Amino acid sequence: MVREAAPRSYTHREVIKILSGLLLALLTSMISTSVVGTALPTIVGELGGQEQYSWVASSTLLTMTVSTPLWGKLSDIFGRKLMFQLALGLFVAASMMAGLSQSIGMLIAARAAQGLGSGGLSALVQVILGDVVEPRERGRYLGYTGAVFGVATVAGPLLGGFIVDTGWLGWRWCFYVCVPLAVVAFVVIQKVLRLPRVRRDTKIDWWGATTLTGGAATLMLLLSLGGHEFDWGSPWTYGLGTLSLVLFALAIPAERRAADPILPPRLFRDRTFVLASLASLLVGIAMFGVMIYLPQYLQIVKRLSPTDSGLMTLPMVIGMFVASITSGRIVTRTGRWKAFPVVGMTLVTVGMWLLSRLEVGSSSVVIGVDIAIVGVGLGLGMYMLLLATQNSVERRDMAVSTSGVTFFRSLGGAVGVAAFGAILSNRVRDELATMLDARSAGLALGTPDAIHHLPPQVQDVVIQAFSSATRTVFLVGAPAAALGLVAVLCLREAVLRSARSTAEPPQ
């Protein structure tokens, strides 16, 4: 049983106030992820856990991905504001624990808790925005979300490098630096966010939550650790793969029988939700492939410093920002959205193909143009898929559908990172074996700086190997983006709604 207050409309000024708190929290979460990337080798080295590096790197992504669908459903039951503040509070506490870590195990646990908070923030920002803004008006505000993503992508690595290189700060401030921002975001949300109260007489779908999160967790463990902690053909791979399939299979009857399921089966009868989720998964593969492996190309092959490689991604960030803002405003005026993800996925496909043609001697201008094309494509397509989904489903399903699409995009990122990592490492190993013969057997490849201090002849071969391997990674990413384009082309366009239904007020 549901008792709802009467719906209300929000002025542009009120939406901007609410959005400022939401985006500040989102920026805090995103920066905390990217800022640690630059500092992670130093952190793991000081705590003495090089053999557990992959666990430190993947624990946040693992918990963030598997928890995303749960936050949407919990916000339906307990309220958006409470769950958002809970996610933010969890994130702050986990960040403090990470900064205080005295062992690698404590750091891994803290990073996992950070991921739980980040999963709530990333999902609930879109859900709350859907509550306070009509679908047709939502495009103009989603553009700001894309801008925050771009800022975090560039600012995080730069800030991380600065903190680690500043002796009186140290790596622990990579975790502390986001706490003040999170506290300000909490205060802003407490002051400005006023949503109608909802009372639900319902039960949490514990069996569905267990099978869905368990299946996703085992799949994420397989993708994150396969090829690093164990071989792809090992019993661990077969065991985790089988367990994941079994749990997902058990989730189907569990969700069909649940009175209030985590992911309602009716969503998978919605053509838009299914296609948007598939396209988001493929977008995640392409996006994370560029974000993770382009800096490696820039630092190893092009010999750029971490700071300079971060600045080199500015064309992609600017492209995302301009494309998301512009497309959002056009959608607000016209209500038409399909052309943008179609053009966007086309540009992402073309951009990935162009990146696959980069050589050791490719100029900064060529690299900048290529990644700008990818950035514009992501800006046009990524958030329009959320808009299309929110416009398609009933209001009662808005939270679970939004968190579902976000979940598939994160899952795509995990698949992309794992698959591209395996391709890159195998290609580098094969290239070195071909060009160095037996000399590559005992060759240890460390940081970019260590590679640049290898003997000149060996160094040139290693750089050529990384250049060839990176081209292969982006070449494999192009068909993934092309499949995303096919999924988008199959979407049916429905003009975005411009008036809230009085029968289904926000929850």
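Note that the coordinates shown come from a computational prediction; the quantities given were computed from them, not determined experimentally.
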Item to complete: Show your reasoning for whether ring pair (Phe, Tyr, Trp, His ring centres under 6.0 Å) applies to Phe268 and Phe273.
Response: CA-CA 7 Å; Phe268 295 92; Phe273 174 80; 5.4 Å; yes
Worksheet, complete the sentence: Distance col, row Leu475:CG vs Arg471:CZ, nearest 0.5 angstrom, shows 10.0 Å
Worksheet item: Under 6.0 Å from the CZ atom of Arg256, do we count more than 12 heavy atoms belonging to anything else shown?
Response: no
Item to complete: With rounding to the nearest 0.5 Å, note down the distance linking OG1 in Thr389 to CD in Gln126.
Response: 11.0 Å
Discussion item. Looking at Trp337 and Ser327, would you say the former's side chain and the latter's main chain have a donor-acceptor pair under 3.5 Å?
Written reply: no
Discussion item. Does any part of the side chain of Leu88, heavy atoms only, come nearer than 4.5 Å to the side chain of Leu121, both counted from C-beta?
Written reply: yes
Fill in: Minimum-distance pair of heavy atoms, taken over all atoms of Phe407 and Thr68
N-CG2, 3.9 Å
Worksheet item: Are any side-chain N or O atoms of Ser29 and backbone N or O atoms of Ala25, one a donor and one an acceptor, separated by less than 3.5 Å?
Response: no
Fill in: Minimum heavy-atom distance Arg80-Leu124, with the two atoms named
O-CD1, 4.5 Å
Worksheet item: Quick one: does Thr63's side chain have a donor or acceptor within less than 3.5 Å of a partner on Ala113's backbone?
Response: no
Worksheet item: Should Phe175 and Met96 be marked as a side-chain contact (heavy atoms from CB on, under 4.5 Å) after you check the CA-CA gap, both sets of side-chain angles, and the distance that decides it?
Response: CA-CA 7 Å; Phe175 300 104; Met96 293 296 295; over 6 Å; no
Discussion item. Are the side chains of Val374 and Leu347 in contact, using a 4.5 Å heavy-atom criterion?
Written reply: no
Discussion item. A side-chain contact here means heavy atoms from C-beta on lying under 4.5 Å apart; do Phe84 and Val127 qualify?
Written reply: no
Worksheet item: Is there a donor-acceptor pair closer than 3.5 Å between any side-chain N or O of Lys338 and the backbone N or O of Leu489?
Response: yes
Worksheet item: Going by heavy atoms in the side chains, are Phe474 and Leu354 under 4.5 Å from each other?
Response: no
Worksheet entry | Val348 side chain reached by Leu380 side chain, heavy atoms, under 4.5 Å | no
Fill in: Side-chain touch Thr406/Ser122, heavy atoms, less than 4.5 angstrom
yes
Worksheet item: Hey, mind stepping through Ile371 and Leu294 against side-chain contact (heavy atoms from CB on, under 4.5 Å) and telling me if it holds?
Response: CA-CA 9 Å; Ile371 62 177; Leu294 181 64; 3.3 Å; yes
Discussion item. Does either side chain, that of Glu359 or that of Ser467, offer a donor lying less than 3.5 Å from an acceptor on the other one?
Written reply: no
Practice prompt. Find out whether Val274 and Asp270 are in side-chain contact, i.e. whether some heavy atom of one side chain is under 4.5 Å from a heavy atom of the other.
Written response: no
Practice prompt. Report yes or no: does Lys81 contribute a side-chain atom to a donor-acceptor pair with the main-chain N or O of Gln190 at less than 3.5 Å?
Written response: yes
Response to the item:
CZ (Arg409) and CE (Met382) are apart, to the nearest 0.5 Å, by 5.5 Å
Fill in: Distance (rounded to the nearest 0.5 Å) between Gln390 CD and Thr272 OG1
12.5 Å
Worksheet, complete the sentence: Taken to the nearest 0.5 Å, the spacing of Phe340 CZ from Thr326 OG1 works out to 9.0 Å
Discussion item. Does any part of the side chain of Val473, heavy atoms only, come nearer than 4.5 Å to the side chain of Tyr297, both counted from C-beta?
Written reply: no
Response to the item:
Correct closest heavy-atom pair for Ser277 and Val405 would be OG-CG2, 3.8 Å
Fill in: Exercise: identify the closest heavy-atom pair between Arg357 and Ser362
O-OG, 4.5 Å
Response to the item:
In short, Ala480 meets Ile285 closest at the heavy-atom pair CB-CG2, 4.1 Å
Discussion item. How close do Ser67 and Gly119 get, counting heavy atoms only, and between which atoms?
Written reply: OG-CA, 3.9 Å
Worksheet item: Is there a side-chain contact (heavy atoms from CB on, under 4.5 Å) between Lys17 and Glu14 once you walk through the steps?
Response: CA-CA 5 Å; Lys17 286 182 179 180; Glu14 289 176 318; 5.7 Å; no
Fill in: Separation of Ser403 OG from Leu263 CG (nearest 0.5 Å)
6.5 Å
Worksheet item: Taking atom CZ of Arg271 as the centre, does the number of heavy atoms from other residues, nucleotides or ligands within less than 6.0 Å exceed 12?
Response: yes
Discussion item. The test is side-chain contact (heavy atoms from CB on, under 4.5 Å); show your working for Trp71 and Ser75 and say whether it passes.
Written reply: CA-CA 6 Å; Trp71 285 107; Ser75 75; over 6 Å; no
